[in-house]
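Both backbone and side-chain heavy atoms feed into the values below; hydrogens, waters and symmetry mates do not.
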Amino acid sequence: MKFWTSEYTFNHPWDKVVQAAWRKYPNPMNPAVASIDVLDRTVDEKGVLHTHRILSSKWGIPAWVQNIMGSPNIMYSNEKSEVDPNNKTMVLKSRNITFCSNIAVDEHLVYAPHPNDPAKTLLKQEAVVLVKGVPLSSYMESLLTTTISTNANKGRQAMNWVISKIDEELKDLSNSASKSTDEFIHHTKKSIDDITVSAKKSMDDLSSVAKKSLDDLLPSSSPSGPQTLPKF
């Protein structure tokens, strides 16, 4: 039996890191992951999100191991997770399904705010590897532990890559919203200007009509002076 542990700090808040964890696959760093299927997802009375997923991937095990264990095209793993937004923790536990009678790989990951800096996120990882019933079991355990360490490093790179994508999306959304707001203000100002011009024109037209009507009602003045009334 072999044990492996690791800690890593993301320079991002917990909620963004958790969002990246859900969007981790596909990514260019872990091309071996073929698919992820959600079997069940529920929220309990405390607001904790429980998810059960099956991960399909290629382990890339050496040829001699394939000769001993066989070589299925796809390896399957069982993953269960809990996301507690109130306490800000995300816990993932996984175990392989393929080769489970001879190999047991149990992984445990915890994402939580860094105790010394809440603006950062601390990832704690551990794995327990047990190989039994096959030759060179201890060597195979060491080999699998090394593979887990390599994949964990790639996984962290993938998380940072996804976080960068999220930041770009937020920036594009902000720019789009700002552009839409500017266009709305421009169109609103133009509409107000058009209404003002139209209203002023209407008032001018109304004033002109009123003046003409008043002039028609009043008697015209004689150029030679005031008119005298006729005598009877």
Side-chain angles (χ1 to χ4, degrees), residues 1-27 29-30 32-57 59 74-100 103-130 144-145 147-171 173-174:
M1 181 180 291
K2 293 289 188 297
F3 297 91
W4 175 84
T5 61
S6 177
E7 289 188 0
Y8 181 81
T9 299
F10 292 96
N11 294 318
H12 303 279
W14 178 83
D15 53 345
K16 182 178 288 187
V17 173
V18 170
Q19 183 182 357
W22 288 124
R23 297 177 54 181
K24 185 177 179 180
Y25 302 106
N27 67 73
M29 291 78 179
N30 299 107
V33 177
S35 65
I36 298 176
D37 299 297
V38 177
L39 299 184
D40 186 48
R41 178 167 283 165
T42 58
V43 178
D44 65 22
E45 65 279 0
K46 295 182 180 180
V48 178
L49 174 66
H50 300 265
T51 305
H52 181 193
R53 305 192 298 181
I54 297 294
L55 280 67
S56 308
S57 61
W59 281 8
I74 298 294
M75 310 289 187
Y76 296 96
S77 298
N78 194 46
E79 179 198 83
K80 292 186 178 181
S81 64
E82 296 180 1
V83 178
D84 186 344
N86 296 319
N87 296 314
K88 289 193 173 183
T89 58
M90 180 178 188
V91 179
L92 296 94
K93 296 179 180 180
S94 65
R95 170 176 267 200
N96 62 294
I97 298 173
T98 306
F99 296 145
C100 61
I103 299 175
V105 179
D106 291 297
E107 294 188 72
H108 184 226
L109 291 80
V110 179
Y111 296 90
H114 197 285
N116 299 326
D117 188 350
K120 297 179 181 180
T121 302
L122 179 63
L123 167 62
K124 294 183 178 181
Q125 289 179 267
E126 62 182 38
V128 179
V129 180
L130 175 64
L144 289 172
T145 303
T147 302
I148 290 171
S149 180
T150 301
N151 289 339
N153 183 54
K154 292 179 181 179
R156 295 162 187 164
Q157 295 177 30
M159 289 284 288
N160 284 314
W161 178 77
V162 175
I163 290 171
S164 297
K165 284 190 64 178
I166 293 173
D167 288 339
E168 289 176 5
E169 290 172 0
L170 291 174
K171 184 179 179 180
L173 184 62
S174 177

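Minimum interatomic distance between W161 and P26 (heavy atoms only, all atoms of both residues): CZ3-O, 3.9 Å. Considering all non-hydrogen atoms of both residues, V48 and H50 come closest at O-CD2, 3.3 Å. A pairwise comparison of heavy atoms in H12 and V17 identifies O-CG2, 3.8 Å as the closest pair. Across all non-hydrogen atoms, the minimal contact from N30 to A158 is OD1-CB, 3.5 Å. When all heavy atoms of M90 and W14 are compared, the closest pair comes out as N-NE1, 3.9 Å. Closest approach of V105 and N96 over heavy atoms only: N-OD1, 2.7 Å.
Atom OG1 of T9 sits about 10.5 Å away from atom NZ of K124, to the nearest 0.5 Å. To the nearest 0.5 Å, atom CD of residue E82 and atom CG of residue L92 are 9.5 Å apart. If you take OG on S35 and CD1 on I74, they are separated by 7.0 Å, rounding to the nearest 0.5 Å. Considering OG of S56 and OH of Y25, their distance stands at 12.0 Å, rounded to 0.5 Å. Rounding to the nearest 0.5 angstrom, the gap separating the CE atom in M159 from the OH atom in Y111 is 4.0 Å. Taken from CD1 in I148 to CG in N151, the straight-line distance is 8.0 Å, to the nearest 0.5 Å.
Considering H52, R53, R95 as possible partners of E79, the one that fulfils the side-chain hydrogen bond (donor to acceptor under 3.5 Å, both in side chains) test is R53.
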query: Please walk me through it: do D167 and K16 pass salt bridge (Lys or Arg N to Asp or Glu O under 4.0 Å)?
result: CA-CA 9 Å; D167 288 339; K16 182 178 288 187; 2.6 Å; yes
- request: Applying side-chain contact (heavy atoms from CB on, under 4.5 Å), run through V91 and H108 and close with a yes or a no.
  value: CA-CA 7 Å; V91 179; H108 184 226; 3.4 Å; yes
- request: Mind running side-chain contact (heavy atoms from CB on, under 4.5 Å) on N78 and I54 for me, showing each step along the way?
  value: CA-CA 5 Å; N78 194 46; I54 297 294; 3.4 Å; yes
- request: Could you walk me through whether V128 and M1 pass side-chain contact (heavy atoms from CB on, under 4.5 Å), step by step?
  value: CA-CA 7 Å; V128 179; M1 181 180 291; 3.7 Å; yes
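Although no hydrogens or angles enter the test, the distance criterion places a donor-acceptor pair under 3.5 Å between the side chain of N27 and the main chain of K24. Looking only at distances, a side-chain donor or acceptor of N160 sits under 3.5 Å from a matching main-chain atom of R156. Using modelled atom types, one side-chain atom of T98 and one backbone atom of Y76 make a donor-acceptor pair closer than 3.5 Å. Not one N or O on the side chain of S57 forms a donor-acceptor pair closer than 3.5 Å with the backbone of V33.
K2 is not listed as a side-chain neighbour of L144, based on a closest heavy-atom distance of 4.5 Å or more. A 4.5 Å side-chain heavy-atom check between L123 and F10 finds at least one atom pair inside the cut-off. Between Q125 and Y8, every side-chain heavy-atom pair lies at or beyond the 4.5 Å cut-off.
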